[in-house]
Protein chains: 4
Amino acid sequence: MARGINKVILVGNLGNDPDTKYTQGGMAVTRISLATTSVRKDRDGNTQERTEWHRVVFFGKLGEIAGEYLRKGSQVYVEGSIRYDKYTGQDGVEKYSTDIIADEMQMLGGRGDGGGGGSRGEYRGGGNDRPQRAPARQEAQPRREAPPAKSNDFADDFADDDIPF
Amino acid sequence: MARGINKVILVGNLGNDPDTKYTQGGMAVTRISLATTSVRKDRDGNTQERTEWHRVVFFGKLGEIAGEYLRKGSQVYVEGSIRYDKYTGQDGVEKYSTDIIADEMQMLGGRGDGGGGGSRGEYRGGGNDRPQRAPARQEAQPRREAPPAKSNDFADDFADDDIPF
Amino acid sequence: MARGINKVILVGNLGNDPDTKYTQGGMAVTRISLATTSVRKDRDGNTQERTEWHRVVFFGKLGEIAGEYLRKGSQVYVEGSIRYDKYTGQDGVEKYSTDIIADEMQMLGGRGDGGGGGSRGEYRGGGNDRPQRAPARQEAQPRREAPPAKSNDFADDFADDDIPF
Amino acid sequence: MARGINKVILVGNLGNDPDTKYTQGGMAVTRISLATTSVRKDRDGNTQERTEWHRVVFFGKLGEIAGEYLRKGSQVYVEGSIRYDKYTGQDGVEKYSTDIIADEMQMLGGRGDGGGGGSRGEYRGGGNDRPQRAPARQEAQPRREAPPAKSNDFADDFADDDIPF
DNA sequence: TTTT
DNA sequence: TTTT
């Protein structure tokens with residue numbers, strides 16, 4: 001039985017345009033790099049600034065919306081959970097990664113340099129957006145290239161069954 | 001100027017007793033390993049369970065309280081922020097680590113196998129618990145060994161000035 | 001279009017057993033009174049304690065689980081949103097109420113005086129637990145009286161269509 | 001001893017300019033009205049929109065910053081706790097109010113119609129901003145009228161000792 | 001490595 | 001009205 005709370009709340013700006021790929025089952029997986037900067041005063045009274053870069057991942061419908069509306073510089077609210085992964089790199093060395101699996105996002109004031117659209121992205125991950133075999137993704141991301149017809153890099157990372165929520 | 005929100009809320013159980021060390025300036029640094037388990041149903045209707053192990057770090061007064069009251073199995077509420085670090089291992093290879101820097105904690109119902117005491121730990125990281133030169137740490141952790149008189153492993157990790165909040 | 005975040009996170013203890021009722025459509029609506037206590041030191045160094053009593057409401061499947069597993073004294077984690085209502089009392093005077101509409105809950109260590117059961121309640125409000133015409137509620141709450149066959153007090157408060165999420 | 005978590009996270013827009021007053025001890029108390037709007041689809045597939053208006057209160061240094069930088073329309077992130085109060089109105093009737101006591105805020109992208117300034121407000125309520133007898137408030141709010149020399153409406157609500165954190 |  |  002599930003036990004525990006694993007919740008992350010971020011407000012930050014994208015360091016780059018989002019990267020959207022598709023699983024073999026047609027599910028969108030969008031990744032962004034999100035900066036949050038904090039300050040503190042050290043003992044000498046100097047201001048110290050530190051930026052964390054969060055790797056945030058959006059799945060399914062939320063991945064489509066994030067890919068469509070977010071742009072480099074966009075300010076966004078993200079809610080999700082932390083996921084730690086361990087894998088073996090191509091060099092045979094064990095590596096670790098940490099991702100924030102988003103289940104809610106909301107665009108904030110600034111539009112970044114994407115501009116154009118006008119409409120505002122927002123979505124709360126519901127319960128029933130598991131990939132229903134070939135979503136109508138043609139309509140879903142007017143400004144993204146068509147998803148690759150067959151396999152792609154994410155195929156190694158995520159089977160459709162791997163949706164982490 | 002600071003910009004962004006980086007907030008983590010965890011409720012989980014400790015996998016081991018806490019590990020408390022002291023910086024050269026006498027500041028307590030306590031680390032715990034905290035499990036949060038979530039479940040989801042996969043496409044075949046099978047229940048999938050996944051546990052994340054969070055490395056949580058408590059500094060200063062909060063580190064003393066965490067070290068004193070938490071035990072393997074304890075259930076605890078933790079609030080803090082995510083911190084990503086990159087360092088070079090002794091093997092010369094670049095490594096990455098992710099820590100949750102706690103700024104609030106509260107013990108919950110279950111006591112784990114610590115038992116005994118009776119009193120309940122709880123604390124909110126305030127603004128003025130920077131190491132004031134040699135805190136009265138003798139009184140602070142009745143059940144922990146005296147902090148090492150001189151250097152320790154954390155000396156490499158944290159100078160007093162590194163308190164991350 | 002939706003705009004904004006309205007999120008509440010509570011950890012507290014129930015002041016009384018939960019109160020479960022049913023809408024005419026058969027949806028469970030469970031209310032609890034949840035205490036959170038905070039302390040601060042006033043200027044004279046005296047400890048001041050203050051308790052807030054939150055009215056938390058659970059709908060649908062979550063309402064059934066809350067009604068079944070929570071008891072007076074139970075410690076519980078609740079996530080939800082704030083809802084302010086204004087209504088006219090039977091005395092013709094305008095009144096205001098504030099409720100926390102829960103969309104996630106998890107029982108914590110302490111069991112309160114409910115005891116017995118053994119199993120632990122937990123649930124995340126999903127997207128598809130709107131009342132599907134007559135849920136199998138007979139099985140759902142073994143320890144609660146059968147829901148009233150017809151109207152009840154909540155009928156005035158909530159139509160099935162009023163589920164606030 | 002304190003027990004429980006009472007945490008609120010809001011992202012919304014101000015419905016009006018902030019209202020700043022001062023206690024007799026010289027502490028700033030700023031109130032804003034913050035809107036968060038959510039949507040849901042009802043059974044007929046129609047989009048239902050609902051706006052909650054939160055009364056948010058900022059004390060001390062945070063109150064000065066909120067009063068200076070926020071304006072009608074500003075988008076802001078607020079973190080705090082819920083506080084329920086019961087008082088007797090001038091008509092002799094018992095009334096209830098709910099406030100969000102802020103302990104952290106951060107201005108977001110949009111500037112509202114305040115414009116001008118340029119600098120961005122942000123602050124985390126620290127531990128030591130209790131009113132130190134007459135803060136240098138002349139410098140603190142360039143664009144607000146001078147605080148009343150003597151008593152004001154808040155005097156009834158808040159003594160200096162009432163700072164709720 | 002925890003917990004249920 | 002809870003809890004410690």
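Treat the numbers as computed from the prediction; the structure is a model and nothing was measured.
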**Student:** Before accepting this row, confirm whether a basic side-chain N of the pair C/Arg31/C/Asp19 lies closer than 4.0 Å to the acidic partner's carboxylate O.
**Tutor:** no
**Student:** Within this structure, what is the CZ-to-C1' distance between B/Arg71 and E/dT3, rounded to whole angstrom?
**Tutor:** 18 Å
**Student:** Nearest whole angstrom, please: distance from the C1' of E/dT2 to the CG of B/Leu10.
**Tutor:** 14 Å
**Student:** Does the aromatic ring of C/Trp53 sit over the six-membered base ring of F/dT1, closer than 5.5 Å centre to centre and tilted less than 30°?
**Tutor:**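 Base of F/dT1: stacked against C/Trp53.
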**Student:** Rounded to whole angstroms, how far apart are CZ on A/Arg3 and C1' on E/dT3?
**Tutor:**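 So the two atoms are 5 Å apart, to the nearest Å.
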**Student:** Rounded to whole angstroms, how far apart are NE2 on B/His54 and P on E/dT2?
**Tutor:**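 It works out to 16 Å between those atoms.
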**Student:** Categorize B/Thr51 for me: base, sugar-phosphate, or nothing, with a 4.0 angstrom heavy-atom threshold over every strand shown.
**Tutor:** base
**Student:** Rounded to whole Å, how long is the line connecting atom CD1 of C/Ile32 with atom P of F/dT3?
**Tutor:** 14 Å
**Student:** Does a side-chain N-to-carboxylate-O contact under 4.0 Å join C/Arg55 and C/Asp99?
**Tutor:**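 Salt bridge between C/Arg55 and C/Asp99, a charged N being under 4.0 Å from a carboxylate O: yes.
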**Student:** Please identify each residue that fulfils side-chain hydrogen bond (donor to acceptor under 3.5 Å, both in side chains) with B/Tyr84, with sequence neighbours left out.
**Tutor:**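 side-chain hydrogen bond (donor to acceptor under 3.5 Å, both in side chains) check on B/Tyr84 returns A/His54.
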**Student:** Kindly say whether, by distance alone, the side chain of C/Asn16 makes a donor-acceptor pair under 3.5 Å with the base of F/dT1?
**Tutor:**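 Pair found.
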**Student:** What residues form a side-chain hydrogen bond (donor to acceptor under 3.5 Å, both in side chains) with C/Thr88, not counting sequence neighbours?
**Tutor:**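 Applying side-chain hydrogen bond (donor to acceptor under 3.5 Å, both in side chains) to C/Thr88 gives none.
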**Student:** In this structure, how many angstroms lie between the C1' atom of E/dT1 and the CZ atom of B/Arg31, rounded?
**Tutor:**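 Nearest whole value for this atom pair: 16 Å.
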**Student:** Counting distance alone, no hydrogens or angles: does the base of E/dT1 have a donor or acceptor under 3.5 Å from a partner atom on the side chain of B/Ser33?
**Tutor:**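 Checked by distance alone, the answer is yes.
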**Student:** Could you state the CG-C1' distance from C/Leu34 to F/dT1, rounded to the nearest angstrom?
**Tutor:**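 It works out to 11 Å between those atoms.
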**Student:** Measure CG/C/Leu70 against C1'/F/dT2 and give the value in whole Å, please.
**Tutor:** 13 Å
